[in-house]
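Below you'll find the structure, written out as structure tokens, and then a few comments.
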Number of protein chains: 2
Amino acid sequence: MTKPLIKTMEELSVAIGVSRPTLSRYFQDSKSVKASTVARIEQGLAQVEYVPNFFATRLNRKTRGIIGVIIPYLNDLFFTKLLQGIEVAAMEAGLTVITQCSHSDPAIEARAAETFMSMNVDGALVAPLGDHSDQAVHLRLKSRLPFVLMDSRPKTMPDVDFVGTNHRQSTGLITEYLCRVGDPPVFLAMPRVNFNALERETAYITTMQRLGFEPRVIGTQLLSENWHFEEHGEAVLDAEFGRGRLMESSILCANDRVAIGALHAASRHGLKPGRAEQGGLRIAGHDDYPLCPYMNPALTTVAQDTDAIGRKAVSRILQIIHGETDSETPELTLFDGALKLRESA
Amino acid sequence: MTKPLIKTMEELSVAIGVSRPTLSRYFQDSKSVKASTVARIEQGLAQVEYVPNFFATRLNRKTRGIIGVIIPYLNDLFFTKLLQGIEVAAMEAGLTVITQCSHSDPAIEARAAETFMSMNVDGALVAPLGDHSDQAVHLRLKSRLPFVLMDSRPKTMPDVDFVGTNHRQSTGLITEYLCRVGDPPVFLAMPRVNFNALERETAYITTMQRLGFEPRVIGTQLLSENWHFEEHGEAVLDAEFGRGRLMESSILCANDRVAIGALHAASRHGLKPGRAEQGGLRIAGHDDYPLCPYMNPALTTVAQDTDAIGRKAVSRILQIIHGETDSETPELTLFDGALKLRESA
DNA sequence: TCCTCCCTTTTACATGCGTAAACGTACAGG
DNA sequence: CCTGTACGTTTACGCATGTAAAAGGGAGGA
């Protein structure tokens, strides 16, 4: 059961009688070696314990076969879904994904970027921290390797590749829906952890104005800077409901996690959000968080196509790597959101 | 703004007039170099663009400063919380964490293990896939480097370090609670994605028997092997409620995500789970999923101490690395669960 | 038989840095 | 003045592979 441990390719080559360079070629692309030799190598490999050294292979190879991903926060299913899309796409392309979480800390984000540069990764995919990100870090990454921003885009970096959701369309879509089948909604803002927070707020306002309604934003007072979205949503609406306000309003939440908190506040105050035909309170979200269908009531929302975003981000990185792009003109890819009509609005 | 790019430590050493070995020492531990020299190095560093090559440093260093983590599934906040605990603890210890997700696929898990061995990581932390994991892979990892299992433990690997929750205690705790303040509960099983599924079921049964009640397990029929727990919980109870059964029962779900599905099924059938004093249906879960307080009704559950598990896993790995352990006697660390009484039971 | 082609081996060098030993240098204490 | 110490430098080698060029060997065709 316990096979002899072989540490270097050199040892392996003498052990199975094949030259080391041939072994090197075999491990990189077995098809570049004659079938009979492949058979001999694999027969020998089956009888020993050996794996090529990751660092030695990467040190001198032209390409690392690695892309680095930075996400700002782990405990959010939106980012795990995005990550999953990326990993699947990368796997299909034969790339190893190294993920680092910045834990909402720009210093950690900077360190992760440093790590990627020191690894000479083939490309970096970054979901930034909003204002908190050190933009110099992003610029440094961009100047040294293929670089694509995801999810949230700083206005101050216009010439960077970006993949995300068209929040003007998505937020506009649900705002229009709410206006069409009931009272025009108020907008429950989210903590300003990234640029999307403001982008959705703006999209809401312009859509309302276009439709001839008066926009109204709430929840901007106690905007903390953390990721406790549910807590925020609940606190804001608990205060409003407690004063007898907004109890029959339409409320569009900046994201689903805020909306989940909002739903809970409603429930605590004996309110039942539902479609307009039933009259009264409506609550809607944004993102299509995986748990939306299981909320009580099930949460109406706009879906972000995280899978498409992940795939596109990877394919764009591959384009840049392969030089199939005019590096001077960055690509801006925005996917549309899709309405998910459920019970809550 | 654009500093000259320096690729090797050699170049750097001539650029700032310090010998390369001294630079090497500086980058590993700046305190091992005289303060005045440190100042000179850092002054020089500020004027150029240089990071030491990750692979070259790891290739020849005695220790990699890396621990590898494998989790089975990303889109589950339990694992992201666990991962966060691990990352924080590792960061404090100065270790880099490389995380790989096996996406419920034993082949991917095996590849991740292979990667870790090829990286010669200082240790590997693995949350396994239950029966689906290839145990040979785990044994191979264990034979080659410090290895600690987390979360879910195969009975067939008794002599391996493990950190997780004492499910006998935790499940017993909530079973006792439910029995004490209302009807003895039935147990709504979860898909058998890992060993915890069965462990909790067993703990439920023995607790019921000890208390002199008749155990009853439901949801074992349509047990698929995927991670769509909410869907499972909802489907099982939808079927039961549809036949007018269990509508005033106490239902202990194998985990919170199953319970979230259960809550939704109840809501769809016009049922309102609540504490026993109100009579009727009760629903409880297990894990203390972050969204539990925001469910309608808020979900009563038992909390797993993911933070403690993550920290302990890292500290155990560090113990093994530093040889402060009798490697022959593996350590089994089980943290107790804590009741979280909310509205649903 | 000879030539050619394809595959493999050999040879040689490169990658960027860790590490250890020997050596040099300056400073403080005796 | 001598000596010990602390810190740096120099020198030399090692790490486990990639890569390129040249050389070798066997099979097939002319």
Side-chain angles (χ1 to χ4, degrees), chain A residues 5-42 44-45 48-66 96 114-122 144, chain B residues 5-42 44-45 48-66 96 114-122 144:
Chain A
L5 179 61
I6 287 190
K7 293 201 62 175
T8 77
M9 214 178 259
E10 190 75 49
E11 291 178 48
L12 184 66
S13 79
V14 309
I16 66 184
V18 176
S19 78
R20 190 180 65 73
T22 301
L23 286 177
S24 175
R25 288 221 317 284
Y26 165 79
F27 282 113
Q28 290 180 61
D29 177 16
S30 63
K31 286 186 293 295
S32 72
V33 170
K34 190 162 64 171
S36 66
T37 310
V38 168
R40 213 165 78 228
I41 293 174
E42 294 186 338
L45 234 34
V48 298
E49 171 78 19
Y50 170 78
V51 279
N53 183 295
F54 188 87
F55 302 114
T57 60
R58 261 67 176 187
L59 177 58
N60 197 20
R61 200 177 269 173
K62 293 196 189 306
T63 169
R64 293 323 140 276
I66 297 175
T96 299
E114 199 101 354
T115 301
F116 289 159
M117 290 188 292
S118 80
M119 290 178 36
N120 247 301
V121 294
D122 296 323
R144 295 196 48 172
Chain B
L5 179 62
I6 287 192
K7 293 200 63 175
T8 77
M9 214 177 261
E10 190 74 51
E11 292 178 49
L12 184 66
S13 77
V14 309
I16 66 184
V18 177
S19 77
R20 190 181 64 72
T22 301
L23 286 177
S24 175
R25 287 221 317 282
Y26 165 79
F27 282 113
Q28 291 179 62
D29 176 17
S30 63
K31 286 185 294 294
S32 72
V33 170
K34 188 163 65 172
S36 65
T37 310
V38 167
R40 214 166 76 229
I41 293 175
E42 293 184 341
L45 233 33
V48 298
E49 172 76 20
Y50 170 78
V51 279
N53 183 294
F54 187 88
F55 302 114
T57 57
R58 261 67 176 187
L59 177 58
N60 197 20
R61 199 178 270 172
K62 293 197 190 305
T63 168
R64 284 337 133 273
I66 298 175
T96 299
E114 199 101 352
T115 301
F116 289 160
M117 291 188 292
S118 80
M119 291 179 30
N120 247 302
V121 294
D122 296 323
R144 296 196 48 175

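Everything numeric here is computed off the predicted structure, so don't read it as measured data.
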Problem set entry | Length of the line joining B:Y26:OH and D:dC7:C1', which is rounded to integer Å | 17 Å
For this session: Nearest whole angstrom, please: distance from the P of C:dC5 to the NZ of A:K34.
Result: 17 Å
Exercise. Roughly how far apart are A:L12 CG and A:I6 CD1, rounded to 0.5 Å?
Worked result: 5.0 Å
Seminar exercise, completed: In terms of heavy-atom contacts, B:T37 and B:V33 come closest through CB-CG1, 3.6 Å
For this session: Summarise protein proximity over nucleotides 10-20 of chain C in one line of letters, 5' to 3': B for base, S for sugar-phosphate only, - for none, counting protein heavy atoms closer than 4.0 Å.
Result: BBB-BBBBBBS
Exercise. To the nearest 0.5 Å, how far apart are CE in B:M9 and OG1 in B:T22?
Worked result: 10.5 Å
Sequence neighbours left out, cut at 3.5 Å: what donor-acceptor pairs do the side chains of residues 54-61 of chain A make with other protein atoms?
unit_1, atom_1, unit_2, atom_2, d
A:T57, OG1, A:N53, O, 3.2
A:T57, OG1, A:F54, O, 2.8
A:R58, NE, A:R64, O, 3.1

For this session: For residues B:F27 and B:I41, determine if any side-chain heavy atom of one lies less than 4.5 Å from a side-chain heavy atom of the other.
Result: no
